[in-house]
Amino acid sequence: MNDTKKLLKECDAGCKTAINGMAQVLTHVGSTELRSVIAACSNRHATLGDRCHSLLNREGESGGDPPPMSDTFMRMGTGLKLAVNDADHHIAEMMADGANMGMKSIAKVMNACPEASSESRTLAADLIREEQQFFADMLRFL
(Lines give C-alpha, C1' and ligand atoms only; values in the text may rest on other atoms or scores of the structure.)
Protein backbone atom coordinates (compact mmCIF):
# COMPACT_ATOMS: atom_id res chain seq x y z
CA MET A 1 0.00 0.00 0.00
CA ASN A 2 1.41 3.38 -0.86
CA ASP A 3 2.06 6.09 1.70
CA THR A 4 -0.91 8.23 0.67
CA LYS A 5 -3.42 5.41 1.06
CA LYS A 6 -1.88 4.27 4.34
CA LEU A 7 -2.04 7.77 5.83
CA LEU A 8 -5.60 8.37 4.62
CA LYS A 9 -6.80 5.05 6.02
CA GLU A 10 -5.25 5.90 9.39
CA CYS A 11 -6.93 9.33 9.36
CA ASP A 12 -10.26 7.77 8.44
CA ALA A 13 -10.00 5.14 11.17
CA GLY A 14 -9.03 7.87 13.65
CA CYS A 15 -12.03 10.01 12.74
CA LYS A 16 -14.38 7.04 13.11
CA THR A 17 -12.87 6.03 16.44
CA ALA A 18 -13.18 9.58 17.77
CA ILE A 19 -16.77 10.00 16.59
CA ASN A 20 -17.77 6.63 18.07
CA GLY A 21 -16.10 7.41 21.39
CA MET A 22 -17.74 10.82 21.63
CA ALA A 23 -21.16 9.38 20.79
CA GLN A 24 -20.72 6.77 23.51
CA VAL A 25 -20.09 9.34 26.26
CA LEU A 26 -22.51 12.10 25.22
CA THR A 27 -25.51 10.56 26.96
CA HIS A 28 -23.56 10.50 30.23
CA VAL A 29 -22.50 14.16 30.17
CA GLY A 30 -24.29 16.37 32.66
CA SER A 31 -22.88 19.76 31.71
CA THR A 32 -24.51 21.48 28.75
CA GLU A 33 -21.21 23.21 28.00
CA LEU A 34 -19.18 19.99 27.96
CA ARG A 35 -21.82 18.27 25.85
CA SER A 36 -21.69 21.16 23.38
CA VAL A 37 -17.87 21.05 23.14
CA ILE A 38 -17.87 17.29 22.55
CA ALA A 39 -20.68 17.46 19.97
CA ALA A 40 -18.95 20.28 18.08
CA CYS A 41 -15.71 18.31 18.01
CA SER A 42 -17.56 15.25 16.75
CA ASN A 43 -19.03 17.35 13.92
CA ARG A 44 -15.57 18.63 12.99
CA HIS A 45 -14.28 15.03 12.96
CA ALA A 46 -17.16 14.11 10.63
CA THR A 47 -16.14 16.93 8.28
CA LEU A 48 -12.53 15.75 8.34
CA GLY A 49 -13.76 12.20 7.73
CA ASP A 50 -15.71 13.41 4.69
CA ARG A 51 -12.57 15.07 3.32
CA CYS A 52 -10.70 11.85 3.94
CA HIS A 53 -13.33 9.76 2.12
CA SER A 54 -13.14 12.08 -0.86
CA LEU A 55 -9.36 11.66 -1.05
CA LEU A 56 -9.62 7.89 -0.56
CA ASN A 57 -12.18 7.66 -3.36
CA ARG A 58 -9.78 9.50 -5.67
CA GLU A 59 -7.18 6.86 -4.75
CA GLY A 60 -9.67 4.09 -5.58
CA GLU A 61 -9.86 2.99 -1.95
CA SER A 62 -12.60 2.54 0.60
CA GLY A 63 -12.37 3.94 4.10
CA GLY A 64 -10.21 2.68 6.88
CA ASP A 65 -11.97 1.15 9.84
CA PRO A 66 -10.54 0.76 13.30
CA PRO A 67 -9.39 -2.83 13.80
CA PRO A 68 -12.47 -4.78 15.01
CA MET A 69 -10.85 -5.99 18.23
CA SER A 70 -9.52 -2.52 18.98
CA ASP A 71 -12.95 -1.00 18.42
CA THR A 72 -14.59 -3.65 20.63
CA PHE A 73 -12.08 -3.14 23.43
CA MET A 74 -12.45 0.63 23.18
CA ARG A 75 -16.24 0.37 23.50
CA MET A 76 -16.03 -2.09 26.38
CA GLY A 77 -13.37 -0.04 28.15
CA THR A 78 -15.34 3.17 27.77
CA GLY A 79 -18.51 1.47 28.94
CA LEU A 80 -16.75 0.05 32.00
CA LYS A 81 -15.14 3.38 32.87
CA LEU A 82 -18.51 5.12 32.58
CA ALA A 83 -20.18 2.47 34.74
CA VAL A 84 -17.62 3.10 37.47
CA ASN A 85 -17.53 6.88 37.17
CA ASP A 86 -19.60 8.99 34.79
CA ALA A 87 -18.79 12.36 36.34
CA ASP A 88 -18.12 15.10 33.81
CA HIS A 89 -14.51 15.56 34.93
CA HIS A 90 -13.89 11.84 34.37
CA ILE A 91 -15.48 12.00 30.90
CA ALA A 92 -13.29 15.02 30.07
CA GLU A 93 -10.24 13.06 31.18
CA MET A 94 -11.24 10.10 29.00
CA MET A 95 -11.77 12.41 26.02
CA ALA A 96 -8.40 14.12 26.61
CA ASP A 97 -6.70 10.71 26.76
CA GLY A 98 -8.40 9.74 23.49
CA ALA A 99 -7.30 12.96 21.81
CA ASN A 100 -3.74 12.34 22.98
CA MET A 101 -3.79 8.80 21.57
CA GLY A 102 -5.24 10.11 18.30
CA MET A 103 -2.50 12.71 17.92
CA LYS A 104 0.21 10.13 18.53
CA SER A 105 -1.31 7.58 16.18
CA ILE A 106 -1.70 10.00 13.26
CA ALA A 107 1.76 11.52 13.85
CA LYS A 108 3.42 8.08 13.84
CA VAL A 109 1.85 7.10 10.53
CA MET A 110 2.49 10.55 9.06
CA ASN A 111 6.18 10.25 9.98
CA ALA A 112 6.33 6.72 8.59
CA CYS A 113 4.80 7.82 5.27
CA PRO A 114 7.13 10.50 3.89
CA GLU A 115 5.93 9.91 0.32
CA ALA A 116 2.27 10.61 1.13
CA SER A 117 0.63 13.26 -1.02
CA SER A 118 0.59 16.85 0.19
CA GLU A 119 -3.22 16.72 0.40
CA SER A 120 -3.15 13.67 2.66
CA ARG A 121 -0.42 15.21 4.81
CA THR A 122 -2.45 18.43 5.10
CA LEU A 123 -5.49 16.42 6.18
CA ALA A 124 -3.42 14.53 8.77
CA ALA A 125 -1.99 17.81 10.09
CA ASP A 126 -5.52 19.26 10.31
CA LEU A 127 -6.67 16.19 12.24
CA ILE A 128 -3.72 16.49 14.64
CA ARG A 129 -4.56 20.18 15.19
CA GLU A 130 -8.19 19.26 15.86
CA GLU A 131 -7.07 16.69 18.44
CA GLN A 132 -4.73 19.23 20.04
CA GLN A 133 -7.55 21.76 20.32
CA PHE A 134 -9.94 19.18 21.72
CA PHE A 135 -7.33 18.13 24.29
CA ALA A 136 -6.90 21.77 25.33
CA ASP A 137 -10.69 22.25 25.49
CA MET A 138 -11.04 19.25 27.81
CA LEU A 139 -8.51 20.61 30.32
CA ARG A 140 -10.97 23.16 31.71
CA PHE A 141 -13.43 20.37 32.55
CA LEU A 142 -10.95 18.25 34.53
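Only a predicted model underlies this, so the values are computations on that prediction, with no experimental measurement involved.
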**Request:** For Asn111 and Ala107, indicate whether the former's side chain and the latter's backbone hold a donor-acceptor pair under 3.5 Å.
**Result:** yes
**Message:** For a 4.5 angstrom cut-off between non-hydrogen side-chain atoms, does Glu61 reach Leu8?
**Reply:** no
**Prompt:** If Ile, Leu, Val, Met, Phe, Trp and Tyr residues are connected whenever their side-chain heavy atoms lie under 4.5 Å apart, and connections chain through other members, are Ile19 and Leu55 in the same group?
**Reply:** no
**Prompt:** Taking side chain as C-beta onward, heavy atoms only, is Glu131 less than 4.5 Å from Ile106?
**Reply:** no
**Request:** Taking only Lys NZ, Arg NE, NH1 and NH2, and the carboxylate oxygens of Asp or Glu, determine whether Arg129 and Asp126 approach each other closer than 4.0 Å.
**Result:** yes
**Message:** Taking the side chain as everything from C-beta on, heavy atoms only, tell me whether His45 gets closer than 4.5 Å to Leu127.
**Reply:** yes
**Message:** Show the nearest heavy-atom pair for residues Ala116 and Asp3, with the distance to one decimal.
**Reply:** N-CB, 3.4 Å
**Item:** For Thr4 against Glu115, the heavy-atom pair lying closest together
**Value:** OG1-O, 4.1 Å
**Message:** Could you check whether any side-chain heavy atom of Arg44 comes within less than 4.5 Å of a side-chain heavy atom of Cys41, counting everything from C-beta outward?
**Reply:** yes
**Message:** Quick one, Val109 and Lys6 - any side-chain contact, counting heavy atoms below 4.5 Å?
**Reply:** yes
**Prompt:** To the nearest 0.5 Å, how far apart are OG in Ser118 and CG in Leu123?
**Reply:** 11.5 Å
**Request:** Ignoring hydrogens and angles, tell me if any N or O in the side chain of Ser36 forms a donor-acceptor pair with the backbone of Thr32 under 3.5 Å.
**Result:** no
**Asked** Is Met103 reachable from Leu142 through a run of hydrophobic residues whose side-chain heavy atoms are each under 4.5 Å from the next?
**Response** yes
**Asked** Does the side-chain contact (heavy atoms from CB on, under 4.5 Å) test come out yes or no for Cys11 and Leu48, once each step is laid out?
**Response** CA-CA 9 Å; Cys11 289; Leu48 288 166; over 6 Å; no
**Request:** Evaluate the criterion side chain to side chain donor-acceptor pair (under 3.5 Å) for residue pair Gln24 and Asn20; output intermediate values, then yes/no.
**Result:** CA-CA 6 Å; Gln24 191 175 2; Asn20 290 341; over 6 Å; no
**Message:** Nearest 0.5 Å, please: how far is CG in Leu34 from NE2 in His28?
**Reply:** 13.0 Å
**Message:** Under 4.5 Å between side-chain heavy atoms, counting indirect links through other Ile/Leu/Val/Met/Phe/Trp/Tyr residues: same cluster for Leu26 and Ile91 or not?
**Reply:** yes
**Distance-minimising heavy-atom pair for Asp88 and Gly30** = OD1-N, 2.8 Å
**Exercise: identify the closest heavy-atom pair between Met110 and Ile128** = SD-CD1, 4.2 Å
**Asked** Between the main-chain N or O of Ala13 and the side-chain N or O of Thr17, is there a donor-acceptor pair closer than 3.5 Å?
**Response** yes
**Asked** Between atom CD of Glu10 and atom OG of Ser120, what is the distance when rounded to the nearest 0.5 Å?
**Response** 12.5 Å
**Asked** Which value, rounded to the nearest 0.5 Å, describes the distance between Asp12 atom CG and Lys9 atom NZ?
**Response** 8.5 Å
**Prompt:** Under a 4.5 Å cut-off applied to non-hydrogen side-chain atoms, are Arg140 and Glu33 in contact?
**Reply:** yes
**Item:** Minimum heavy-atom distance between Glu59 and Lys5, given as atom pair plus value
**Value:** O-CE, 3.4 Å
**Asked** Okay, side chain of Arg121, backbone of Cys113: is any donor-acceptor separation there less than 3.5 Å?
**Response** yes
**Prompt:** Any side-chain heavy-atom pair from Val37 and Met138 closer than 4.5 angstrom?
**Reply:** yes
**Prompt:** Can you tell me how far the NE2 atom of His53 sits from the SG atom of Cys15, to the nearest 0.5 Å?
**Reply:** 8.0 Å
